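Sequential numbering from 1 along the given sequence is applied to the chain's residues. As the structure is a prediction and not an experimental result, all values here were calculated from the model. Only heavy atoms go into these numbers, but all of them, side chains included; no hydrogens, no water, no symmetry mates.
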Amino acid sequence: MKMEKVVSLEIWNDKSFVLPVLSFLDAIASQYGADIIRYNRLRFAFCGILRSRIENCYPGGRGTLHVEIYRSQTYFELSIRDKGVPGWQDFSYDLEQVASDATALRNYVLDQCVDEIGIEKLGKEGQRFYVRQRIRNPIEFKKPEPYQPMEVLDQNISIRPVETEQDVIEAIRCIYSEYGYSYAYENLYYVDSFLQAIRERQLLSFLAVNEHGQTAGHFALSFSELFKNMPELSSVVIRREFRGLKLFAKFVEHCIKIGKEQHFRALMGQPVAFHTKTQKVLMSHGFTATSLLMSYLASDTESEYNKGERLDLCAGVRILDPDAQSKVYPPKELVPFFQKIYDRLGWNYEICGEYRLAEHTQIKIEDVSALKMTRILLKEAGEDLAQLLKETVRDTIRKKNEMVELMIRLNDPSCAYGYQAARECEFAVSGVIPGGENGDYLMMQLLLGETFHYDRMELFGEFEELRDDMRKRSGL
């Protein structure tokens, strides 16, 4: 999600700043036409965090805090950055104690008022707390209507970009036909935010249509800040009447063509781990199996592949830039695992044996409510990482989330220490996501209260080999 910074304020840790800051936020929200009810919830949650940080971040002394406002087409984000004492646990809670403990109740209410809440530990730069809220009324999620079949008038399919409002409506109808209202990227249900995502190049969207103008399918290249210049082939839907025409292969070929024309560094695909045909298509088009994202999608996702359980995904990457290179610091015991994957990718890489603990942990922790999981992005591992991971796992359990995903940046010498700390907390390796301009990531996961079900996956070729390697490593 691309967020634009609107303004940054610097204040002292003095309660007299609370009301002026809130008044300023009110003016900004009014200027952008935020939905008043949803904004008031965001304001309430932010006020609670702001007051707590002012009171606790610099005990017995004076210091500065930075209040920052960000905005996207559909979201507001309010954040507080300071170099004071750690404060994440000030906002944790035990769901079982909200009826009897005032602090737990307060934190539960704050969490329920916003769509996302998270923390970033910035090393020497301190820490950043943020809350994020949609600035419009969300779609009413409801059980999808029965699939409405169409009479296919011809099978001569061509691909064209989504450009107009009518194109977007057709894309939304196509997504709805597969997912109902449960698709994780909610902004794709709104015509204006869909168009905005295209204009801001967060998305390249395409329709597959026949000569009679019937929509056979939709797919997109989705861009993220996490994997720069490596868009993901996403939002793939082929209407049931048009299956069997090898449309997914056409989609992949078109993405590779666009990727080469626009000089992308790499492409990523994430087929479900129950659909060997799509996995086979990716492999036949030069993608390399790099990761198995186990039990990744929440069980309430509406699709024909979902069986009432969390859904497994595969991740494959194809390098497009012949000059792409990477210098990584994997843990010693994972070096053969990485060498096999990186050799298959066919690019210039260097595996280094230097290991160094960082002076300060740099980490970002956020709730991903649509996936019922906590995501941790680790840039550098310091001595306090193991404790941070344990606290995050406890917080995830308290909030009744089901999964913790840990992404460890492989391009930092402290990667091995991050891996060891994660293993101590019983995280399992799920692979690697290489290819982004801003680095490669070792992927680890923890499924709370359960073990991963490797046997239920239906996998093809390299993905099957990857599963066997991971099972041996985990002892299952």
Side-chain angles (χ1 to χ4, degrees), residues 81 83 86 88 118-128 130 224-230 265-266 268 288 290-291 293 315 317 319 321 323-343 345 347-366 374-393 404-446 473:
R81 179 166 47 88
K83 296 183 180 180
W88 177 243
I119 181 176
E120 289 183 77
K121 287 184 68 67
L122 306 173
K124 293 181 180 180
E125 297 304 312
Q127 59 199 325
R128 188 177 86 100
Y130 65 88
S224 72
E225 290 297 310
L226 195 56
F227 307 114
K228 286 187 176 179
N229 208 20
M230 183 176 69
R265 194 170 194 259
M268 178 167 56
T288 296
T290 66
S291 187
L293 303 175
V317 170
I319 304 297
D321 181 359
D323 298 322
Q325 55 184 313
S326 187
K327 184 176 182 179
V328 293
Y329 300 81
K332 290 180 181 179
E333 65 184 85
L334 296 182
V335 168
F337 177 75
F338 276 87
Q339 283 178 326
K340 180 188 290 187
I341 292 175
Y342 278 57
D343 286 343
L345 282 168
W347 68 338
N348 183 22
Y349 71 92
E350 179 183 356
I351 290 181
C352 302
E354 177 186 353
Y355 302 103
R356 182 177 68 250
L357 191 64
E359 184 177 354
H360 301 280
T361 294
Q362 291 194 37
I363 193 170
K364 180 178 181 180
I365 305 169
E366 61 182 351
T374 301
R375 174 174 292 148
I376 306 172
L377 173 62
L378 176 63
K379 297 180 180 179
E380 295 183 4
E383 289 183 355
D384 59 340
L385 175 62
Q387 183 61 32
L388 277 170
L389 291 179
K390 291 174 184 176
E391 291 173 356
T392 304
V393 171
V404 184
E405 177 189 58
L406 173 62
M407 305 177 65
I408 303 176
R409 193 169 183 272
L410 277 160
N411 308 96
D412 186 83
S414 69
C415 169
Y417 293 95
Y419 166 76
Q420 291 300 330
R423 292 294 295 153
E424 291 174 13
C425 295
E426 301 184 343
F427 281 78
V429 172
S430 52
V432 58
I433 302 293
E437 285 185 351
N438 51 340
D440 302 355
Y441 293 94
L442 169 62
M443 305 296 293
M444 301 185 74
Q445 293 176 272
L446 177 64
R473 195 159 303 282

Quick one: does any side-chain atom of Ser430 pair with a main-chain N or O of Leu293 as donor and acceptor, under 3.5 Å? no

Between the CG atom in Leu122 and the CD1 atom in Ile363, the distance rounded to the nearest 0.5 Å is 11.5 Å

Could you give me the CA-CA distance, side-chain angles and deciding distance for Glu120 and Gln127, then say whether side-chain contact (heavy atoms from CB on, under 4.5 Å) is met? CA-CA 6 Å; Glu120 289 183 77; Gln127 59 199 325; over 6 Å; no

Charged N to carboxylate O under 4.0 angstrom, Glu437 versus Lys228? no

Pair Val393, Phe427 - check side-chain contact (heavy atoms from CB on, under 4.5 Å), show working. CA-CA 10 Å; Val393 171; Phe427 281 78; 4.1 Å; yes

For Glu366 and Tyr130, run side chain to side chain donor-acceptor pair (under 3.5 Å): C-alpha distance rounded to whole Å, both residues' side-chain angles, the deciding distance at 0.1 Å, then the answer. CA-CA 9 Å; Glu366 61 182 351; Tyr130 65 88; 2.8 Å; yes

Can you tell me how far apart CD1 (Ile319) and CG (Leu345) are? Round to the nearest 0.5 Å. 5.0 Å

In Å and rounded to the nearest 0.5 Å, what is the CD to CG distance from Gln362 to Asp412? 8.5 Å

At what distance, to the nearest 0.5 angstrom, does CZ of Arg265 lie from CG of Asn438? 9.0 Å

Anything under 30° is parallel, anything over 60° is perpendicular, the rest tilted; go ahead and classify Tyr349 against Tyr342. perpendicular

Minimum side-chain heavy-atom gap Leu442-Leu334 below 4.5 Å: yes

Any residue meeting salt bridge (charged side-chain N to carboxylate O under 4.0 Å, His left out) with Lys327, in chain and number order, not counting sequence neighbours: none

Find the distance between CD (Glu424) and CG (Leu385) and round it off to the nearest 0.5 Å. 9.0 Å

Can a side-chain donor-acceptor contact be found between Gln387 and Glu391 if the only test is distance below 3.5 angstrom? yes

Would you name the heavy atoms of Thr361 and Gly382 that are closest together and state the gap between them? OG1-N, 2.8 Å

Step by step, work out the side-chain contact (heavy atoms from CB on, under 4.5 Å) result for Leu406 and Leu446. CA-CA 8 Å; Leu406 173 62; Leu446 177 64; over 6 Å; no

In this structure, which one of Asp343, Thr290, Leu410 forms a side-chain contact (heavy atoms from CB on, under 4.5 Å) with Phe338? Leu410

Which is it for Lys121 and His360 under the side-chain contact (heavy atoms from CB on, under 4.5 Å) test, yes or no, and what are the steps along the way? CA-CA 9 Å; Lys121 287 184 68 67; His360 301 280; over 6 Å; no

Distance from Cys425 atom SG to Met444 atom CE, nearest 0.5 Å? 9.5 Å

Write down the atom of Ile408, the atom of Cys415, and the distance for their closest heavy-atom approach. CG2-SG, 3.8 Å

Using the side-chain contact (heavy atoms from CB on, under 4.5 Å) rule, pick out the option among Asp440, Leu226, Leu378 that qualifies with Met407. Leu226

Is any side-chain heavy atom of Pro330 closer than 4.5 Å to one of Phe337? no

